[in-house]
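Notes for the one structure printed next.
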Amino acid sequence: KTTEDRKGKRMAFVTLEDFTGTIEAVVFSTCYAQYQGALRREAAVIVDGHISMRREEMPKIIVDAVVPLSQAMQRFVELVRIELSTAGLDDDLLESLKSTLLRHPGRCPVELMLRSRDGEERTVRVGSIRVEPSPVLIDELEPLVGEAAIHLVGAVQRERVPEPAF
């Protein structure tokens, strides 16, 4: 539901829902102006904000940012890690892997986690190749290394993660 704030600017009250329940969120005018395109009925989004807990009211999220789920991979992934077993690893697979990665140039570094038969692991940063994570890249990597071998790694800003209040 959109309304106007005291200064006459558009803002919104939205209901967010996930598999655990619903919560009301407040999108003040500055934030609403920036993210109104992502705030659509039934839209899958990631919301960044903080909880407002006033006496006698249900908790609400005060929204700071909205990211459409379709943009989450590009926004949050910082590293692509591929696990490979050294047993049976050959030049053809490495060349196929390299050519696939090169078809998706971008901002994220690539790491290969090499696992030997005896369980020893060694991580190698592929310094010259950076990729843009996308569903297309994942679809092309899966036949080469398998779905379980592909890891998209992101980071959460520690200072933004609240301590539990219990």
Quick one, H50 with D64, criterion side chain to side chain contact (heavy atoms under 4.5 Å, CB included). Give me CA distance, side-chain angles, the key distance, then yes/no. CA-CA 8 Å; H50 59 277; D64 296 324; 3.7 Å; yes
Decide yes or no for [X] and [Y]: does some side-chain heavy atom of the first lie under 4.5 Å from some side-chain heavy atom of the second?
{"X": "R125", "Y": "L79", "value": "yes"}
{"X": "L101", "Y": "V110", "value": "yes"}
{"X": "V26", "Y": "I61", "value": "no"}
{"X": "L114", "Y": "V124", "value": "yes"}
{"X": "T2", "Y": "F13", "value": "no"}
{"X": "M11", "Y": "V27", "value": "no"}
{"X": "M73", "Y": "P135", "value": "yes"}
{"X": "V63", "Y": "Y32", "value": "no"}

Decide side chain to side chain contact (heavy atoms under 4.5 Å, CB included) for E24 and M58; before the verdict, give the C-alpha distance in whole Å, the side-chain angles of both, and the deciding distance to 0.1 Å. CA-CA 8 Å; E24 185 175 351; M58 294 297 291; over 6 Å; no
Determine the minimum heavy-atom distance between [X] and [Y], stating which atoms define it.
{"X": "P105", "Y": "E132", "value": "O-CB, 3.6 Å"}
{"X": "V45", "Y": "A38", "value": "CG1-O, 3.6 Å"}
{"X": "L152", "Y": "P133", "value": "CD2-CB, 4.5 Å"}
{"X": "Y35", "Y": "V66", "value": "CD2-O, 3.2 Å"}
{"X": "I129", "Y": "K98", "value": "CD1-CG, 4.0 Å"}

Problem set entry | Derivation of the side chain to side chain contact (heavy atoms under 4.5 Å, CB included) call for L102 and S99 | CA-CA 5 Å; L102 288 173; S99 66; 5.7 Å; no
Is the number of heavy atoms from other residues, nucleotides or ligands within 6.0 Å of CD (E147) greater than 12? no
TODO: Could you tell me whether the side chain of R130 and the main chain of G106 form a donor-acceptor pair under 3.5 Å?
DONE: no
field: Side-chain donor/acceptor of D18 to backbone N/O of G21, under 3.5 Å
entry: yes
Please round to the nearest 0.5 Å and tell me the distance separating atom [atom1] of [X] and atom [atom2] of [Y].
{"X": "R122", "Y": "S116", "atom1": "CZ", "atom2": "OG", "value": "9.5 Å"}
{"X": "E17", "Y": "T22", "atom1": "CD", "atom2": "OG1", "value": "6.5 Å"}
{"X": "D5", "Y": "T30", "atom1": "CG", "atom2": "OG1", "value": "8.0 Å"}
{"X": "E95", "Y": "T100", "atom1": "CD", "atom2": "OG1", "value": "10.5 Å"}
{"X": "C31", "Y": "Q36", "atom1": "SG", "atom2": "CD", "value": "11.0 Å"}
{"X": "H151", "Y": "E111", "atom1": "NE2", "atom2": "CD", "value": "11.0 Å"}

inquiry  = Applying side chain to side chain contact (heavy atoms under 4.5 Å, CB included) to L97 and L112, what does each step give before you reach the verdict?
reply    = CA-CA 11 Å; L97 191 56; L112 300 180; 4.0 Å; yes
Going hydrophobic residue to hydrophobic residue with side-chain gaps under 4.5 angstrom, can you get from [X] over to [Y]?
{"X": "L89", "Y": "M113", "value": "no"}
{"X": "V126", "Y": "L93", "value": "yes"}
{"X": "I46", "Y": "L16", "value": "no"}
{"X": "L69", "Y": "I138", "value": "no"}
{"X": "L84", "Y": "V153", "value": "no"}

Check: Should the pair R103-E140 be classified as a salt bridge under the 4.0 Å nitrogen-to-oxygen rule?
Finding: yes
